[in-house]
Structure formats: C-alpha cells, structure tokens
Amino acid sequence: MTDCPLVALIRKECILKETGQVIDLEDHQTRILNAMFTPREDGLLKYMTYVYSTPKKEGKTAIGACVAYAFARLYGGDCISIANDKEQARSRMFVRVLETLAEIKKKRPVQYKRILHEDCWEHGFRGGKNESEIVFNQTGQKNPGPHIIRAIPGDYAGEAGAMNAMTVWDELWGYSSTSAERLYNELQPIPAIPYSIRFITTYAGYYGESTLLWNIYDAVVKPDAQTDEPMGQRVEGLEDLPVYEEPLSKTICYWDHENRMPWKTEEFLQAAKNAPDLRGREGECLRLWENRWSSGAEPFLPAELIDSIMDRAEALGLRNNMAA
C-alpha cells in the first residue's frame with residue numbers, strides 16, 4: 001500500500017530526539033494515519049476532527065508532533081498548538097516539534113535551511129521558553145496565509161476570528177476550565193480554508209470533568225450504556241483496529257485499550273500497574289494503562305473483596321433481605 005502524502009513525509013523527515021533517526025512507525029500506526037489522512041478523489045481531506053487515543057507510552061505525543069510538522073509542511077496555514085489546563089504555555093507536542101527540528105538541523109542542515117523561513121532557520125530550536133513560533137517556507141503548501149506552527153496557552157482569550165488551518169490538542173481530558181472549553185469551541189475547523197482540521201491526542205478522562213472529550217467519545221465511539229462496548233461506525237478496512245467515524249461531523253476516532261508497542265512486555269506492564277503511586281487507585285491505573293474512563297474516585301472496598309465476602313456469606317446461608 002502506498003502511503004498518503006502526509007504519512008510519506010513523516011517517514012521521510014520526522015527525526016526523533018531519542019534515536020536520532022527518522023521515526024519508525026509501527027504497522028498499526030501507519031494504517032491508522034493513512035486511513036485518517038488519505039485525501040478524497042477531489043484532493044481534500046475526508047475528516048475535520050481527528051482523535052488519537054491510546055494507553056500510556058504508546059507514542060501519542062510523538063504522533064501528534066509528527067502530524068503537526070507534516071501538516072504544516074504540506075498544507076501550511078496558521079497551525080496552533082494549545083496547552084491544556086495542566087500546562088502553563090506550551091503543549092508537550094509543540095516541544096516535540098522543536099526537538100524534531102533540532103535533530104533535522106543537526107543531521108540534515110541543508111534540508112533544515114530549505115524548509116524554514118530565513119527569519120526562523122537560524123534558531124537552534126532547543127526547546128527554550130521563548131520559542132513559541134515556527135515559520136516555514138511557503139513552497140508546496142496549499143493553504144493561504146502565513147505557514148507557521150505557534151504555541152498558545154489553553155486559557156488564551158485572543159484567538160477570536162483566527163483563521164486556523166490546524167489546531168492540535170494534547171491530552172484533551174485536561175482541558176476542563178471554562179476558558180479552555182470556550183477556546184476549543186472558538187477554534188473550529190474553518191470551511192473557507194481548503195485544509196482545516198483539529199487533531200487530538202489523549203488518554204481517557206474523568207466522568208463529569210472531561211466534558212469536551214466525553215462529548216466526542218460518546219458521539220463517535222458510542223459506548224453502550226449497559227456494557228460500555230463501542231457501538232460506533234467502524235472505518236472500512238480497519239475492522240481489526242478500534243477506529244470509528246462519524247460522517248456527519250466528519251470525525252474519526254482511534255480509541256484503543258490495548259498496549260501495542262513491541263517493547264511493552266508483560267513484565268513491564270505488571271510493574272507499571274503495580275507502581276506504589278497507583279496502589280489503591282484501580283480507576284487511575286485502568287485510565288493510564290488501559291485507556292478506560294474513570295470516575296476519579298476509588299471505592300471504599302475493592303470489588304474483589306466485596307465479591308469474596310458475598311460468596312462466603314452465601315456459602316454460610318446468609319440472606320440479603322434488602323434484595324428486590
């Protein structure tokens with residue numbers, strides 16, 4: 001299968017700080033991103049809202065950075081990275097883009113100078129606190145206006161009327177303030193721009209708190225009210241992966257509970273799930289390592305203990321007079 005332009009660019013240019021090499025996408029990542037970003041017959045993108053949600057340490061932030069970089073390079077326009085309520089000014093995703101550029105400058109200086117605007121390429125992009133805007137050259141892009149990736153805080157109130165080509169939301173579960181919700185609603189994809197999207201990377205959130213994320217999850221994944229099993233429309237060709245779409249809102253959502261990265265051994269996962277800081281916090285453990293929604297509150301007694309007590313009581317002939 002031939003990669004779509006965005007995936008092809010990611011695999012050609014996005015160098016990871018950890019390895020100093022171009023990112024080696026896993027098969028499932030490649031298939032999902034190709035399904036998301038393969039253009040329609042008219043050349044436009046099929047979706048406007050993209051959700052990439054997995055358990056912890058599955059490369060969500062790196063994927064978000066790669067998508068932001070490749071989108072800015074291919075389509076251009078005003079690309080905005082928004083920090084959530086847990087961060088002060090810049091998302092981790094934006095920092096990862098800076099790290100990628102630093103690696104490109106070190107490993108491929110000619111390419112680095114070619115892709116960045118002359119007012120921008122002299123910077124080292126080491127993740128410094130003053131680096132909040134990346135300006136790209138305008139060769140090849142399809143959107144009008146400046147071709148930049150810029151970082152703004154989640155409580156920023158000055159984006160009314162912005163002509164955003166892309167907005168990137170890292171850990172949407174953490175956008176819980178009223179100002180963040182208003183900003184999310186303000187920064188809708190813009191139909192007047194040929195290519196305008198929002199891209200979301202996130203864990204599951206908390207019932208009653210992560211309202212923005214829950215509304216998307218509920219509308220696209222469509223969890224059954226009784227069993228929590230997903231009832232959403234699956235994406236054709238990805239039936240073996242948990243990828244759902246909602247055509248009316250042009251939303252695609254990859255929402256996974258499995259740990260798919262090859263280095264995450266059973267030994268590693270057992271150690272992670274039994275970490276001291278998660279002791280007695282089963283809901284948070286499931287949220288991080290299985291990408292399950294959490295109430296944010298733990299039961300007074302573990303479910304396993306309650307079940308064992310009920311089984312023993314039944315064996316002793318005790319009867320629950322409160323049962324209907």
Side-chain angles (χ1 to χ4, degrees), residues 1-54 58-77 79 93 96-97 99-101 103-104 107-108 110-112 114-116 134 136-143 147 149 165-168 189 194-201 234-245 247 250-256 258 260-263:
M1 176 181 177
T2 303
D3 287 331
C4 70
L6 185 136
V7 172
L9 185 62
I10 287 174
R11 300 177 83 166
K12 180 181 178 182
E13 295 188 5
C14 288
I15 301 176
L16 296 181
K17 176 184 178 181
E18 293 85 350
T19 64
Q21 303 294 325
V22 175
I23 187 170
D24 183 17
L25 294 173
E26 296 296 320
D27 178 69
H28 71 280
Q29 295 174 323
T30 302
R31 293 174 60 207
I32 291 166
L33 292 177
N34 272 314
M36 287 180 166
F37 289 102
T38 295
R40 305 180 316 201
E41 291 185 0
D42 61 3
L44 298 178
L45 296 175
K46 184 177 180 180
Y47 305 103
M48 298 176 71
T49 298
Y50 301 74
V51 179
Y52 194 100
S53 182
T54 70
E58 288 284 304
K60 295 189 300 295
T61 301
I63 290 293
C66 289
V67 168
Y69 171 86
F71 186 95
R73 288 270 288 111
L74 281 173
Y75 303 115
C79 304
M93 184 285 306
R96 292 300 294 264
V97 176
E99 292 172 351
T100 292
L101 287 168
E103 290 299 314
I104 294 175
K107 301 290 178 56
R108 302 176 179 178
V110 175
Q111 173 188 321
Y112 181 86
R114 175 174 55 83
I115 65 178
L116 292 175
I134 304 165
F136 290 90
N137 279 325
Q138 299 188 17
T139 55
Q141 287 98 336
K142 298 176 174 59
N143 278 329
H147 303 309
I149 303 176
M166 174 179 64
T167 56
V168 183
Y195 299 88
S196 183
I197 69 169
R198 57 160 64 107
F199 191 83
I200 299 161
T201 59
R234 303 295 285 266
V235 172
E236 185 178 355
L238 293 179
E239 288 82 5
D240 59 322
L241 291 167
V243 186
Y244 311 87
E245 63 180 348
K250 296 184 177 181
T251 300
I252 184 169
C253 180
Y254 165 49
W255 197 284
D256 209 342
E258 291 190 31
R260 298 181 185 271
M261 302 307 281
W263 58 266

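By convention here, the first residue in the shown sequence is residue 1.
- What you find for Thr38 and Cys4 is that their closest heavy atoms are OG1-CB, 3.5 Å.
- The local environment of NZ in Lys107 is crowded, with over 12 non-hydrogen atoms from other residues, nucleotides or ligands closer than 6.0 Å.
- Across every non-hydrogen atom of Asn143 and Ala165, the tightest pair is ND2-CB, 3.4 Å.
- Put simply, the side chain of Ile63 reaches to within 4.5 Å of the side chain of Leu33, judged on heavy atoms.
- Heavy-atom minimum distance, Gly64 versus Met93: C-CG, 3.5 Å.
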For this session: Check step by step if salt bridge (Lys or Arg N to Asp or Glu O under 4.0 Å) holds for Arg73 and Glu13.
Result: CA-CA 10 Å; Arg73 288 270 288 111; Glu13 295 188 5; 2.7 Å; yes

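- Side-chain contact between Arg96 and Leu16 is present, with at least one heavy-atom pair separated by less than 4.5 Å.
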Exercise. Is there a side-chain contact (heavy atoms from CB on, under 4.5 Å) between Ile149 and Val168 once you walk through the steps?
Worked result: CA-CA 10 Å; Ile149 303 176; Val168 183; over 6 Å; no

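- Distance check: Arg108 CZ to Glu103 CD gives 11.0 Å after rounding to the nearest 0.5 Å.
- Within the 4.5 Å cutoff, no side-chain heavy atoms of Tyr254 are placed close to those of Ser53.
- Using a 4.5 Å cut-off on side-chain heavy atoms (C-beta onward), Leu101 and Tyr112 make contact.
- The shortest distance between side-chain heavy atoms of Tyr75 and Leu45 falls below 4.5 Å.
- Here the side chains of Asp24 and Thr19 are not in contact, with every heavy-atom distance at 4.5 Å or above.
- Distance check, rounded to the nearest 0.5 Å: CZ of Arg198 to OG1 of Thr49 gives 4.5 Å.
- With a 6.0 Å radius and a threshold of 12 heavy atoms from other residues, nucleotides or ligands, Glu18 has its CD atom above the threshold.
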For this session: Apply ring-ring contact (aromatic ring centres under 6.0 Å, His included) to the pair Phe71 and Tyr195, showing each step before the final yes or no.
Result: CA-CA 9 Å; Phe71 186 95; Tyr195 299 88; 7.3 Å; no

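- Atom-to-atom distance recorded for Phe199:CZ and Met36:CE is 5.5 Å, nearest 0.5 angstrom.
- Taking both residues in full, the closest heavy atoms of Ala68 and Met166 are given as CA-CE, 3.4 Å, listed atom of the first, atom of the second, then distance.
- When atom types are taken as modelled, the side chain of Asn137 and the backbone of Arg114 share a donor-acceptor pair closer than 3.5 angstrom.
- In terms of heavy-atom proximity, Pro189 sits nearest to Met48 at CB-CE, 3.3 Å.
- Side-chain contact check for Gln29 versus Ile10: every heavy-atom pair is 4.5 Å or farther apart.
- With rounding to the nearest 0.5 angstrom, the NZ atom of Lys250 is 13.0 Å from the CD1 atom of Ile197.
- For the atom pair CD of Glu245 and OH of Tyr50, the computed distance is 11.5 Å after rounding to the nearest 0.5 Å.
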For this session: Would you please test Arg31 and Glu26 for side-chain contact (heavy atoms from CB on, under 4.5 Å) and show each step?
Result: CA-CA 9 Å; Arg31 293 174 60 207; Glu26 296 296 320; over 6 Å; no

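- Looking at Glu58 and Tyr52, their side chains never come closer than 4.5 Å, going by heavy atoms from C-beta outward.
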Problem set entry | Verdict with reasoning, Asn34 to Asp3, per side-chain contact (heavy atoms from CB on, under 4.5 Å) | CA-CA 6 Å; Asn34 272 314; Asp3 287 331; 2.9 Å; yes

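- Between Cys14 and Thr100, the closest heavy-atom pair is CA-CG2, 4.1 Å.
- Leu74 CG to Leu9 CG: the interatomic distance, rounded to the nearest 0.5 Å, is 5.0 Å.
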